[in-house]
Peer 1: 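Sharing a structure here in structure tokens format.
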Amino acid sequence: MFTHSKRLIVTAATFIAAGTALAESPNLGRVATPEEIAAWDISIAPDGAGLPPGGGTAEQGEAVYAAKCLACHGENGAGKPNDALAGGRGTLVGDQAPIKTVGSFWPYATSIFDYVRRAMPLNDSKSLTNDETYAIVAYLLQINGIIGRGEQIDASTLPAIRMPNRDGFVTFARGK
Amino acid sequence: MRRIRHSPDEPAVGANGLLDRRLFLRGGAGTALALGALSSGSPAKAEMLKVEPWMKEPGSPFVGYGQPSRFEDKVVRVATNPPNAPGTGATRTPLHRLSGTITPNGLHFERSHSGIPDIDPNVHRLLIHGLVKRPLVFTLAALSRYPMESCITFIECGGNGLQLFQKDPAPLNAQALHGLISCAEWTGVKLSTLLDEAGVAPTATWILAEGADAAGMSRSVPLAKVMNDALIALYQNGERIRPSNGYPMRLLLPGYEGNANVKWLRRIKVTDGPTMTKDETSKYTMLLPDGTSLQFAFPMEAKSVISQPSPGLTMTQPGLHDISGLAWSGYGKIAKVEVSADGGKSWAPAALQQPVLSMALTRFHMAWRWSGGPAILQSRATDETGYVQPSRNELITKRGTKAFFHFNAVTSWGVAETGEVKHVYA
């Protein structure tokens with residue numbers, strides 16, 4: 001647990017390391033209220049932290065997709081004119097051209113909710129309701145063969161989904 | 001006065017016409033003499049020196065914000081966009097038409113994921129929250145009262161040079177191939193100062209940085225980097241940051257791939273792990289031949305490119321030329337740049353424009369006597385950690401051809417007898 005005394009120790013260490021007079025920090029920020037933070041904190045952690053109430057299924061998501069996503073991402077997420085959202089499994093290895101989609105490449109299902117809610121549709125981002133977002137995520141998972149059409153996607157089921165390429169990432173180290 | 005060696009005793013240091021770099025370092029009369037002695041014979045035909053109209057009539061009045069000469073209208077960024085998204089995509093800096101190391105603000109490369117937002121600076125807010133004792137909101141006016149720090153640093157898109165992963169050399173110029181890099185003096189507030197005020201919890205290890213653009217572009221960054229040298233940048237080359245580069249504030253992470261330098265910064269969330277955003281998982285990761293991908297490759301690796309001569313700048317006359325270009329490393333200072341005129345068979349050290357700054361563009365020069373015959377020009381950077389920029393074959397052997405991001409290998413420009421310069425593989 002974080003304590004005030006710990007902060008003083010850190011500050012003192014900085015003072016010694018810098019070898020300069022301990023300057024008083026301007027402290028010109030104002031304290032944010034929980035309501036303000038809730039209004040802006042839209043990021044979703046891979047363990048599901050931040051996921052809102054609500055839920056949806058692929059069945060429900062298909063209609064939302066047709067209305068708001070299909071024009072750019074094509075029938076069944078096939079892509080064109082913009083990114084393909086389905087298919088591509090097995091294309092990451094070897095010399096073939098990789099087809100990186102939600103299904104073939106994305107390691108966390110939580111990232112889909114995070115991204116769709118914050119950035120899509122392109123011309124009207126942050127307009128989808130939480131239920132619509134869950135339903136679209138369910139639809140994208142279903143057309144990639146990861147869940148069935150009737151499965152409920154919500155704050156408890158979404159983080160439990162294991163994406164096909166979950167183990168496909170290695171943290172970079174220089175020289176590799 | 002220094003005696004200048006004449007051909008055939010020219011101070012050759014490499015095959016196919018590379019000359020001693022000190023040729024271009026000698027100041028004043030020495031340089032003039034050297035160039036005279038080494039020039040290729042026939043001087044330009046004499047022409048009458050005329051009294052032009054601008055020598056006789058008053059020029060134009062002053063303007064509030066200056067623009068380049070109307071004769072410089074080719075010195076522009078070039079945009080590429082995906083379909084249906086005119087504000088999404090990138091523009092590239094015309095490296096082949098610039099000199100020195102600082103990129104003019106109007107020519108700094110741009111990369112946007114949902115257009116350039118038109119942000120009212122009086123309404124913009126920066127929220128710092130998460131694993132902190134006191135979540136804080138800052139206005140631009142408040143941040144402008146903090147002690148400012150400046151650093152001259154490059155920003156390079158993680159996808160710069162991606163066309164060189166292709167099987168055949170793309171018939172493109174330096175701007176199209178490598179123009180997703182620019183260098184500016186950035187001025188702002190140390191993020192560590194603000195985080196100290198908020199009181200970072202001991203369990204914190206990362207932050208999430210998020211933009212106020214319609215894409216809400218967001219990236220996770222290790223807390224250690226943030227506490228070391230991250231800036232909330234407010235100024236770019238002395239003026240407020242340009243809209244396309246993050247107005248009114250952006251995260252600046254010296255040496256890190258451009259995408260992590262989140263523009264239009266509205267929120268910093270202190271976390272105990274990466275958030276795994278779309279851009280740090282499905283994009284900006286390097287797919288290897290075995291199907292796995294390298295993630296969180298933050299610093300841009302040592303790299304260099306020759307900007308003059310380069311494709312589009314056709315050589316018109318044999319004789320003495322200045323091979324010039326840019327080198328950089330996200331891991332520190334450039335220690336050495338070598339140039340080859342024979343496709344990498346022999347190398348000679350170039351002169352580095354001083355001062356050489358850590359994580360900034362470094363300009364190099366190499367004197368070259370072009371015989372008029374074919375040549376393949378290359379540059380190879382070594383940074384202060386001893387890392388040497390790889391050849392294209394070396395990089396592809398290690399990473400394959402599908403990594404897409406972080407292409408930092410040697411670029412080759414083929415010079416034909418006609419003087420035409422083309423992108424080639426060598």
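To find a chain, count down the sequence lines: A is the first, B the second, and so on, and within it residues start at 1.
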Peer 1: With a 4.5 angstrom heavy-atom cut-off, which part of B/P274 approaches chain A: side chain, backbone, both or neither?
Peer 2: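 Only the backbone of B/P274 comes within 4.5 Å of chain A.
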Peer 1: Decide yes or no for B/M276 and B/S220: does some side-chain heavy atom of the first lie under 4.5 Å from some side-chain heavy atom of the second?
Peer 2: no
Peer 1: Quick check on A/T91 against chain B: is it the side chain, the backbone, both or neither that has a heavy atom closer than 4.5 Å?
Peer 2: backbone
Peer 1: Should the pair B/F298 and B/W206 be assigned to parallel (<30°), tilted (30 to 60°) or perpendicular (>60°) ring geometry?
Peer 2: tilted
Peer 1: CE/B/M300 to NE2/B/H406 distance, rounded to the nearest 0.5 angstrom?
Peer 2: 4.5 Å
Peer 1: Do the ring centers of B/F405 and A/F172 come within less than 6.0 Å of each other?
Peer 2: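 Not close enough - the centres of the two rings lie 6.0 Å or further apart.
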Peer 1: Please determine, among A/T33, A/T101, A/N82, the option with the most heavy-atom pairs under 4.5 Å with chain B.
Peer 2: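 Going by pairs under 4.5 Å, I would pick A/N82.
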Peer 1: Using 4.0 Å as the upper bound for N to carboxylate O, is an ion pair formed by B/R267 and A/D41?
Peer 2: yes
Peer 1: What parts of residues 134-145 of chain B touch chain A if we use heavy atoms and a cut-off under 4.5 Å?
Peer 2: B/R134, B/P135, B/L136, B/V137, B/F138, B/A142, B/R145
Peer 1: Could you look at A/F169 and say if it's the side chain, the backbone, both or neither that has a heavy atom under 4.5 Å from chain B?
Peer 2: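 For A/F169, the contact with chain B is made by backbone and side chain together.
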Peer 1: Among B/L265, B/I128, B/L253, which one satisfies side-chain contact (heavy atoms from CB on, under 4.5 Å) with B/L191?
Peer 2: B/I128
Peer 1: Look up atom CD1 in A/I143 and atom CD1 in A/I147, then write down how far apart they are to the nearest 0.5 Å.
Peer 2: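 Output value for this atom pair is 10.5 Å.
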Peer 1: Nearest 0.5 Å please: distance from the OG1 atom of B/T277 over to the OH atom of A/Y108.
Peer 2: 12.0 Å
Peer 1: For chain B, which candidate among A/S125, A/P107, A/S111, A/G168 shows the most heavy-atom pairs at distances under 4.5 Å?
Peer 2: A/G168
Peer 1: Checking salt bridge (Lys or Arg N to Asp or Glu O under 4.0 Å) for the pair A/E75/A/K80: CA distance, chi angles, key distance, verdict?
Peer 2: CA-CA 9 Å; A/E75 295 271 355; A/K80 288 189 178 164; over 6 Å; no
Peer 1: Taking A/G94, A/P26, A/G50 one by one, which has the highest count of heavy-atom pairs under 4.5 Å against chain B?
Peer 2: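 Answer, by heavy-atom pair count under 4.5 Å with chain B: A/P26.
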Peer 1: Do you know which of B/L131, B/L208, B/T285, B/T401 has the most heavy-atom pairs with chain A at a distance under 4.5 angstrom?
Peer 2: B/T285
Peer 1: Who wins among B/T193, B/L126, B/T281 for the most heavy-atom pairs under 4.5 Å with chain A?
Peer 2: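 Max contact count across the listed options: B/T281.
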Peer 1: When only pairs under 4.5 Å are counted, which of A/P34, A/A45, A/S43 shares the most heavy-atom pairs with chain B?
Peer 2: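 Between A/P34, A/A45, A/S43, the count favours A/S43.
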Peer 1: Between A/W106 and chain B, which part of the residue has a heavy atom less than 4.5 Å away: side chain, backbone, both or neither?
Peer 2: side chain
Peer 1: Would you verify whether the NZ or CZ of B/R399 falls within 45 degrees of the ring axis of B/F165 while also being under 6.0 Å from that six-membered ring's centre?
Peer 2: no
Peer 1: How many angstroms lie between atom CD1 of A/I42 and atom CZ of A/R118, to the nearest 0.5 angstrom?
Peer 2: 4.0 Å
